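Notes follow the structure.
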Amino acid sequence: MTDEIKTIHDFDFNLICEYFSGLERQGPGSPEATLKALSFISGLNGESLIADIGCGTGGLTITLAKNAPGHITGIDLFPSFIDLFNFNAKKVNLESRMKGVVASMDKLPFKEEELDLIWSEGAIYNIGFEKGMNEWHKFLKKGGFIAVSEASWFTEKRPEEINRFWESAYPEIDTIANKVEKMQKAGYIPVATFILPENCWIENFYKPQVLVQENFLKKYAGNETAEEFVANERYEAGLYYKYKEFYGYVFYIGRKI
Ligand code: SAH
């Protein structure tokens, strides 16, 4: 019985990893948004140490490595994503400047005041924005930067359906003003915030999933877990198209005081 449950859990985990491994990015974003966020960062050089936390398969880390000097450590909890990260780095000859390491974002393998820049796109929600901002602070050098993207409300009030969805999916979703306050209280000067354009969700996140979903449903025809998972992803995408004026991802860039 125990074995059976474990097998089901293993399958779920592998299933989700397999689904997202077929995508260049595992969250909303774009090379343009990554570069825009990078434009607010100063003082990096060839010796700089950068962490990309919740790096996934490294799609955006490659953009970072091509456009910022220094060494990047990609951190992700899932070994299959890190394998792909290191494989992708090699493919573009960047393996000497970006290395993927399996670790959890709540137990980072860095020394205090070691990092010049902490990057994290669409991933800090796994630990929570406030907790991540506070706990990661000690790993940055004084004057070092943090740049994270995070789901945020654009308005004070929202339609009930989308409010309910997000309050259950990620209760820490909040307005931009409240997130900036949390960043400031965690010990950073708020340097910039900007809303990720819609193409980061539609062109780069939801549209590439359409083909992945079709192939997935063919491969796992009759598998209820797979069908339910795809149905959830489609529901979430549908909500975005319907309510995108009320929420989205926002980049928060801060500098350690
Ligand atoms: N930054 C990437 C991936 C975002 S998806 C991109 O924008 O494309 C979120 C990532 O966080 C996933 O790769 C997931 O495996 C990772 N993750 C989830 N929980 C984690 C944890 N506790 N520690 C480290 N990474 C985690």
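Every number for a ligand or one of its atoms is a count from 1 in the order of the listing. Given the structure is predicted, the values throughout are model-derived calculations rather than measurements.
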query = Nearest non-hydrogen atom to atom 14 (C) of ligand 1 belongs to which of Ile16, Asn204, Ile127, Asp76?
reply = Asp76
ask   = Does Ile257 sit in a hydrophobic cluster with other residues, and if so which ones, taking ILVMFWY side chains as linked at heavy-atom separations under 4.5 Å, directly or through other members?
value = Ile189
note = Counting from 1 in the order shown, the ligand 1 atoms closer than 4.0 Å to a non-hydrogen atom of Arg25 are 8 (O)
ask   = Taking the side chain as C-beta and beyond, is there a heavy-atom pair between Arg234 and Gln209 under 4.5 Å?
value = no
key: The one among Gly29, Ser120, Ser80, Ser104 that brings a heavy atom closest to atom 22 (N) of ligand 1   = Ser104
query = When only distance counts, is Pro28 in polar contact with ligand 1, meaning an N/O pair under 3.5 Å?
reply = no
ask   = Are Asp174 and Phe129 side-chain neighbours, meaning at least one heavy-atom pair lies under 4.5 Å?
value = no
ask   = Which atoms of ligand 1 have any heavy atom of Phe81 under 4.0 Å away?
value = 13 (O), 15 (O)
query = Are Ile82 and Phe78 connected in a single hydrophobic cluster, I mean Ile/Leu/Val/Met/Phe/Trp/Tyr linked by side-chain heavy atoms less than 4.5 Å apart?
reply = no
request  = Assert yes or no for the condition that the ring centre distance of Phe246 to Trp166 is strictly below 6.0 Å.
outcome  = no
query = Taking 4.0 angstrom as the limit, do Lys142 and Glu113 come out as a salt bridge?
reply = no
message = Is it the case that ligand 1 has an N or O less than 3.5 angstrom from some N or O of Tyr125?
response = no
request  = Please work out which of the three classes, parallel, tilted or perpendicular, describes the rings of Phe139 and Phe110, given edges at 30° and 60°.
outcome  = perpendicular
Atoms of ligand 1, numbered as shown, that sit under 4.0 Å from any heavy atom of Gly56 = 13 (O)
ask   = Which residue from Gly54, Ala123, Cys200, Gly122 reaches closest to atom 2 (C) of ligand 1 through any of its heavy atoms?
value = Gly54
task = Looking only at protein heavy atoms, identify the closest one to atom 21 (C) of ligand 1 and say how far it is in Å.
result = Met105 CG, 3.6 Å
ask   = Salt bridge between Glu130 and Lys185, side-chain N to carboxylate O under 4.0 Å?
value = no
message = Please compare Thr57, Leu60, Leu108, Leu23 and report which has the shortest non-hydrogen distance to atom 6 (C) of ligand 1.
response = Leu60
note = Atoms of ligand 1 under 4.0 Å from any heavy atom of Ala103, numbered from 1 in the order shown, are 23 (N), 24 (C)
Taking atom 17 (N) of ligand 1 as the reference point, the nearest protein heavy atom with its distance = Asn126 ND2, 3.7 Å
key: Shared-cluster residues of Val210, by chain and number - hydrophobic side chains joined below 4.5 Å   = none
Closest approach of any protein heavy atom to atom 8 (O) of ligand 1, naming residue and atom = Gln26 N, 2.9 Å
key: For Phe78, atoms of ligand 1 separated by under 4.0 Å from a heavy atom   = 15 (O)
query = Going by the order shown, which atoms of ligand 1 are within less than 4.0 Å of some heavy atom of Cys55?
reply = 2 (C)
remark   = closest protein heavy atom to atom 25 (N) of ligand 1 is Leu77 N, 3.3 Å
query = Any idea how Phe20 and Phe229 line up, ring-wise: parallel (<30°), tilted (30 to 60°), or perpendicular (>60°)?
reply = perpendicular
